[in-house]
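By convention here, the first residue in the shown sequence is residue 1. Heavy-atom basis, side chains included; hydrogens, waters and symmetry copies ignored. What you see is a predicted model, and the numbers here were worked out from it, not measured in a lab.
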Amino acid sequence: MRTSTAPWWRDAVVYQVYVRSFADANGDGLGDLPGITKRLPYLRDLGVDALWITPFYPSPQHDAGYDVSDYLDVDPRFGTLADADALLTRAHQLGLRVVVDLVPNHTSDQHEWFQQALAAGPGSPERDRFLFRKGRGRGRTQPPNNWTSVFGGIAWEKLPEGPDGSTEWYLHLFDRTQPDLNWRNPEVRAMFADVLRFWLDRGVDGFRVDVAHGLFKDKALRDQRSAHPSSQHVESMLETDTKDEPMWDQPEVHDLYREWRRLLDSYDGDRMAVAEAWTQTPARTAAFVRPDELQQAFNFAWLLAKWDAGDLADCIRRTFATLDPVGASPTWVLSNHDVVRHATRYGGGKVGVARARAATLAMLALPGSAYLYQGEELGLESVDVPEELRQDPAWFRTGKVWRDHCRVPMPWSGARPPFGFGGRKQPWLPMPSEWAALTVQAQTGKRGSTLELYRKALKVRRTFATSAPREVEILDRARSVLAFRRGPVTVVLNAGKRPVALPKGKVLVNSGRLADGKLPPDTAVWIG
């Protein structure tokens, strides 16, 4: 257990649970809340401090629950409110915190408010809760502006003509079934304050704020002047050149987060929020975590860093240079439910998994919070899901493979799918038979397995994470080597092609085998 007086989240290891794919208690092929509750001892034994659960609210599931129709209940596919309460109770008994997903940028088109807006018609107070506008051009047949959806195509959906011949369009920066809310409407602000209180009163410890850089749009909804698409996809969101984005990162969002911070601070237990904020510069991200705003923001620059010692070192330097002036705690993340798993991103196969293990070891030694994605502790890679079984709405809108590959369910035990996930048949996304050697059961107690590496690293991390200095000293080593010292621990990562000599000291954790006191390529080590 933690003994530090610092807020629990400041140096926490948070494990992301993708609710559909973690554990299936009722055998219907879809993960659920009782399944998560059953597997909580696994997370405790792994050594994490908290779990973040993706949306489990009532939803048509057009975007895997990120199209919410009711923020104050649980989708029957995943359980009941009583199941949510039981999960919270059990997690707290085991010393685990629980962070839940909050989706404030948009609702489902089946949300009561949106159905009321459709029925009420143009100019109504009900429509003012969303972003309805008249079309442009002759006959109003063109979209209100030139914005495009993150999921491809135009960001506007045209409604059928009314009895009087009038029609409007509504904005959806994601799927057409996810209408964007109008955050300049005080009813929207009040509704989400109630949502926060509802879950805080039930005992959640924090929120992951989906599309935190969205919410407010340019008041005039003006055209985007650049030719860049309005895209949140990782290949385009963190560009070095500044582009015009009237749909993202508007200044008004910061007053809202100040309100939310005051609300969070009114509860005991160091309640927190972490922003999913894709911004153009590190300084823009830092604005979300000023002392009176949200507690954390995801460090996507670390996720996007190349397998290159210099690139990783530069990312560490930039992170602290950006966050130190606002006094914020850094976060580190390598994979999540929206991106290619880092074992695949680093090259795939044995090389990719070796690099993923090394990068994780370096990450876990850094001060701040580390966010892990379910299955990475097993060395799982992204999976090529057959075209006819894909469910990502971005696939249907663009024909590009985006996210199904990283959402394939967890393999727990056994020699064939569904590997103890639940039921007897393949789950909602099929699991590859090659995962038989990667299950939790197969790796538990196996020397050198990725699971045991994570367990050992997390155990050792607890001995210094809250007490070691927060300063990181980047050491002068070969160009292919990332080396840094943090208090009593020295970390060396070899991103080159030849073994490198190690500094003197006791080896605390090693992601690969040492040979004659040298660190092989694509491995990392902690030395104390």
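Looking only at distances, no side-chain donor or acceptor of R271 sits under 3.5 Å from a matching main-chain atom of F207. Judged by distance alone, with hydrogens and angles left aside, the side-chain atoms of D180 form a donor-acceptor pair with the main-chain N or O of L173 at under 3.5 Å. With R407 contributing its side chain and H337 its backbone, the two residues share a donor-acceptor pair below 3.5 Å. The backbone N or O of V489 lies less than 3.5 Å from no partner atom in the side chain of W526, so there is not a single donor-acceptor pair. Checked by atom type and distance alone, the side chain of S511 never pairs as donor or acceptor with a backbone atom of R357 at under 3.5 Å. With hydrogens and angles disregarded, a donor-acceptor distance shorter than 3.5 Å links the side chain of E377 to the backbone of G375. No side-chain donor-acceptor contact under 3.5 Å links D11 to the backbone of T466. A donor-acceptor pair is defined here as one N or O able to donate and one able to accept, closer than 3.5 Å; such a pair exists between the side chain of D392 and the backbone of R403. No donor-acceptor pair under 3.5 Å is formed between the side chain of Q16 and the backbone N or O of N336. The closest donor-acceptor contact from the side chain of T523 to the backbone of L519 lies at 3.5 Å or more, if one exists at all.
Closest approach of P104 and V209 over heavy atoms only: CG-CG1, 3.9 Å. Nearest heavy-atom pair across S335 and L303 is N-CD1, 4.2 Å. Nearest heavy-atom pair, L482 versus A309, reported as atom, atom and distance to 0.1 Å: N-CB, 3.5 Å. Residues Q296 and S369 approach most closely at NE2-OG, 2.8 Å, considering heavy atoms. Nearest heavy atoms, N145 versus R222: ND2-O, 4.0 Å. Heavy atoms only, all atoms of each residue included: G269 and R97 are closest at O-NH1, 3.5 Å.
Remark: D292 does not engage R290 in a salt bridge, criterion side-chain N to carboxylate O under 4.0 Å. Remark: D308 does not engage R479 in a salt bridge, criterion side-chain N to carboxylate O under 4.0 Å. The pair R258-D255 meets the salt-bridge criterion, with a side-chain N (NZ, NE, NH1 or NH2) lying under 4.0 Å from an Asp/Glu carboxylate O. The existence of a salt bridge linking R184 and E252 is confirmed by a sub-4.0 Å separation between a basic side-chain nitrogen and an acidic carboxylate oxygen. A salt bridge does not link R455 to D45: none of the charged side-chain nitrogens sits closer than 4.0 Å to a carboxylate oxygen. Looking at E376 and R341, no side-chain N of the basic residue comes within less than 4.0 Å of a carboxylate O on the acidic one, giving no salt bridge. Ionic pairing of D314 and R317 is present here: one or more N-O contacts between side-chain nitrogen and carboxylate oxygen are shorter than 4.0 angstrom.
Interatomic distance, D249 CG to R284 CZ, rounded to the nearest 0.5 Å: 4.0 Å. Atom CG of L372 sits about 6.0 Å away from atom CG of L364, to the nearest 0.5 Å. In this structure, the separation between CG on L72 and OH on Y57 is 9.0 Å, given to the nearest 0.5 Å. For the atom pair CZ of R44 and CZ of R39, the computed distance is 13.5 Å after rounding to the nearest 0.5 Å. A distance of 8.0 Å separates CG in D128 from CD in E187, rounded to the nearest 0.5 Å. Here L502 contributes atom CG and T490 contributes atom OG1; the two are 10.5 Å apart, rounded to the nearest 0.5 Å.
For the pair I474/V472, a side-chain contact is recorded, criterion being any heavy-atom separation below 4.5 Å from C-beta on. Looking only at side-chain heavy atoms (C-beta outward), T463 and L508 stay at 4.5 Å or farther from each other. With a 4.5 Å cut-off on side-chain heavy atoms, L94 and L43 do not count as touching. With a 4.5 Å cut-off on side-chain heavy atoms, M363 and H342 do not count as touching. By the 4.5 Å heavy-atom criterion applied to side chains, V339 and Y373 are not counted as neighbours. Taking 4.5 Å as the limit, every side-chain heavy atom of L361 sits out of range of all side-chain heavy atoms of L493. Contact annotation: the side chain of W278 never approaches that of V211 to less than 4.5 Å [non-hydrogen atoms, C-beta and beyond]. Under the 4.5 Å side-chain criterion, counting only non-hydrogen atoms from C-beta, R10 is not in contact with D270.
Each of F22, Y66, W199 was checked for a ring pair (Phe, Tyr, Trp, His ring centres under 6.0 Å) with F56, and the lone residue meeting it is W199. Of the candidates L171, L215, L131, N182 forms a side-chain contact (heavy atoms from CB on, under 4.5 Å) with just one, namely L131.
Between the side chains of D67 and S59, a donor-acceptor pair is found at a separation under 3.5 Å. Side-chain contact of N299 with Y371: a donor-acceptor pair under 3.5 Å is absent, judged by distance alone. With 3.5 Å as the limit, one finds a donor-acceptor pair spanning the side chains of T279 and T285. No donor-acceptor contact under 3.5 angstrom links the side chains of D175 and H106, judged on distance only. Side chain to side chain, Q374 and S21 fail the donor-acceptor criterion of an N or O pair below 3.5 Å. Judged purely by distance below 3.5 Å, without hydrogens or angles, the side chains of D49 and W9 never pair a donor atom with an acceptor atom.
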Given W52 and V100, is the side chain to side chain contact (heavy atoms under 4.5 Å, CB included) satisfied, shown in steps?
CA-CA 6 Å; W52 147 35; V100 300; over 6 Å; no
Kindly indicate, with the supporting measurements, whether the criterion side chain to side chain contact (heavy atoms under 4.5 Å, CB included) is fulfilled by V491 and R486.
CA-CA 8 Å; V491 178; R486 182 188 172 201; over 6 Å; no
Let's go through Q178 and N105 carefully: what are the C-alpha distance in whole Å and the side-chain angles of both, what is the deciding distance for side chain to side chain contact (heavy atoms under 4.5 Å, CB included) to 0.1 Å, and is it a yes or a no?
CA-CA 9 Å; Q178 296 169 293; N105 180 72; over 6 Å; no
Could you go through N494 and S480, starting from their C-alpha distance and side-chain angles, then the distance that decides it, and tell me whether this counts as side chain to side chain contact (heavy atoms under 4.5 Å, CB included)?
CA-CA 6 Å; N494 183 4; S480 61; 4.2 Å; yes
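Below 30°, between 30° and 60°, or above 60°: for F300 and F298 the angle between ring planes is between 30° and 60°, a tilted geometry. Taking the six-membered ring for Trp and thresholds of 30 and 60 degrees, F174 and F151 have ring planes more than 60 degrees apart, a perpendicular arrangement. Between Y257 and F288, the two ring planes are tilted [angle within 30° to 60°]. Ring planes of F320 and W332: tilted class, angle from 30 to 60°.
Taking the ring centroids of Y71 and F192, they lie under the 6.0 Å cut-off.
Crowding of R498 atom CZ: a count of heavy atoms from other residues, nucleotides or ligands under 6.0 Å not exceeding 12.
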